Amino acid sequence: LMNHKIHQQTPVLEIYFKKLVEEGVVTKDAFEDEKHKYEDVLKTGFKSVSQPINNRSWLDLHNWEEFFNSDGTPKLPGPLIPSTGVAKEKLLHIGEVISTPPQDFNIHNKVLKKVLEPRRNMLEKGEADWSMGESFAFGSLVLEGIDVRLSGQDVERGTFSHRHH
């Protein structure tokens with residue numbers, strides 16, 4: 001039903017085109033010319049990404065023997081690749097902290113049901129989603145004394161509600 005209604009709508013480009021022509025901003029021929037130029041750019045781009053790329057020259061820019069064994073397995077950890085693992089006990093502690101509201105805090109029931117309880121359930125099952133993974137990363141950095149600050153457009157807008165911790 002919704003798809004049918006959407007297809008019945010006049011495309012935005014057509015609406016805008018008519019408005020520009022009515023206001024004398026552009027002629028029909030000039031508009032069609034620009035539209036065809038843009039379509040050509042899209043077609044050219046599509047053709048270029050449709051072809052397989054076999055550009056491996058970047059591999060020759062590095063001394064990969066420092067990073068990989070002769071069989072292709074990574075040399076982990078090593079002098080150039082430090083261990084970044086976190087002990088399971090530390091992750092469980094972080095998970096416990098981010099899924100438990102403070103004792104003296106009156107938490108909204110929706111936050112409890114939609115954010116904290118699912119985190120606790122994942123923790124109990126030994127699972128982690130992207131949100132929990134981020135929490136583990138941020139929490140482990142904080143425990144090491146490294147300040148963590150989220151910034152940027154998505155944070156400003158509150159796009160990632162899973163970061164409410």
Side-chain angles (χ1 to χ4, degrees), residues 1-62 64 67 74 81 84-86 91 94-102 104-144 146-165:
L1 181 66
M2 178 67 90
N3 204 20
H4 180 70
K5 287 186 176 193
I6 290 171
H7 285 293
Q8 288 180 333
Q9 297 291 320
T10 305
V12 174
L13 182 62
E14 190 176 322
I15 294 169
Y16 190 54
F17 159 69
K18 287 178 182 176
K19 180 177 172 67
L20 292 175
V21 170
E22 286 172 8
E23 294 176 358
V25 175
V26 70
T27 65
K28 181 178 180 183
D29 290 339
F31 181 85
E32 290 297 326
D33 185 46
E34 287 301 316
K35 183 178 170 186
H36 289 299
K37 284 181 191 175
Y38 184 67
E39 287 172 351
D40 289 343
V41 168
L42 294 176
K43 287 175 187 172
T44 302
F46 181 75
K47 285 179 187 173
S48 72
V49 299
S50 298
Q51 303 299 318
I53 298 172
N54 191 8
N55 181 1
R56 299 181 51 95
S57 62
W58 64 273
L59 288 172
D60 299 330
L61 298 176
H62 300 285
W64 293 104
F67 297 97
I81 307 171
T84 58
V86 177
L91 294 178
I94 294 166
E96 180 72 28
V97 170
I98 66 159
S99 62
T100 307
D104 58 346
F105 188 77
N106 186 11
I107 192 160
H108 192 284
N109 194 39
K110 193 172 184 180
V111 174
L112 186 64
K113 296 279 185 209
K114 296 226 178 228
V115 179
L116 299 184
E117 286 181 6
R119 283 183 189 164
R120 174 150 329 262
N121 290 339
M122 277 191 289
L123 195 62
E124 289 171 359
K125 293 177 187 175
E127 298 173 349
D129 62 4
W130 189 267
S131 164
M132 189 72 102
E134 278 191 340
S135 299
F136 288 151
F138 298 151
S140 64
L141 291 170
V142 169
L143 287 174
E144 291 178 14
I146 299 169
D147 293 332
V148 175
R149 178 177 178 251
L150 301 180
S151 64
Q153 187 178 31
D154 293 324
V155 173
E156 184 178 314
R157 281 197 315 243
T159 304
F160 298 107
S161 59
H162 67 265
R163 290 185 176 149
H164 292 173
H165 44 81

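Along the sequence shown, residues are numbered consecutively beginning with 1. Nothing here was measured: the structure is a model prediction, and the numbers come from that model.
- Side-chain atoms of Met132 and Ile98, non-hydrogen and from C-beta on, do get closer than 4.5 Å to each other.
- Taking both residues in full, the closest heavy atoms of Leu123 and Gly95 are given as CD2-C, 3.4 Å, listed atom of the first, atom of the second, then distance.
- Between Lys19 and Val25, the closest side-chain pair of non-hydrogen atoms is not below 4.5 Å.
- The side-chain heavy atoms of Phe31 and Leu13, taken from C-beta on, include a pair separated by under 4.5 Å.
- Side chains of Ile107 and Leu116 form a contact here, defined as non-hydrogen atoms less than 4.5 Å apart.
- When only modelled atom types and interatomic distance are considered, Arg119 and Ser131 share no side-chain donor-acceptor pair under 3.5 Å.
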Which side-chain N or O atoms in residues 32-42 pair as donor and acceptor under 3.5 Å with protein atoms at least two apart or in another chain?
residue: Glu34; atom: OE2; partner: Lys37; partner atom: NZ; Å: 3.3

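- When atom types are taken as modelled, the side chain of Ser140 and the backbone of Ala137 share a donor-acceptor pair closer than 3.5 angstrom.
- Here the closest heavy-atom approach between residue Gly139 and residue Ile94 is recorded as C-CD1, 3.6 Å.
- A salt bridge links Lys18 and Glu14; the closest N-O separation between the charged side-chain nitrogens and carboxylate oxygens is under 4.0 Å.
- The two residues Thr10 and Ile15 make their nearest non-hydrogen contact at O-CD1, 3.6 Å.
- Between Glu117 atom CD and Lys113 atom NZ the span is 4.0 Å, to the nearest 0.5 Å.
- Taking CZ of Phe138 as the reference point, atom CZ of Arg149 lies at 13.0 Å (rounded to 0.5 Å).
- Here the CD atom belonging to Glu127 is positioned 9.0 Å from the CG atom belonging to Asp129, to the nearest 0.5 angstrom.
- Considering CZ of Arg120 and CG of Leu112, their distance stands at 9.5 Å, rounded to 0.5 Å.
- The heavy-atom pair separating Phe136 from Ala128 by the smallest distance is CE1-CB, 4.0 Å.
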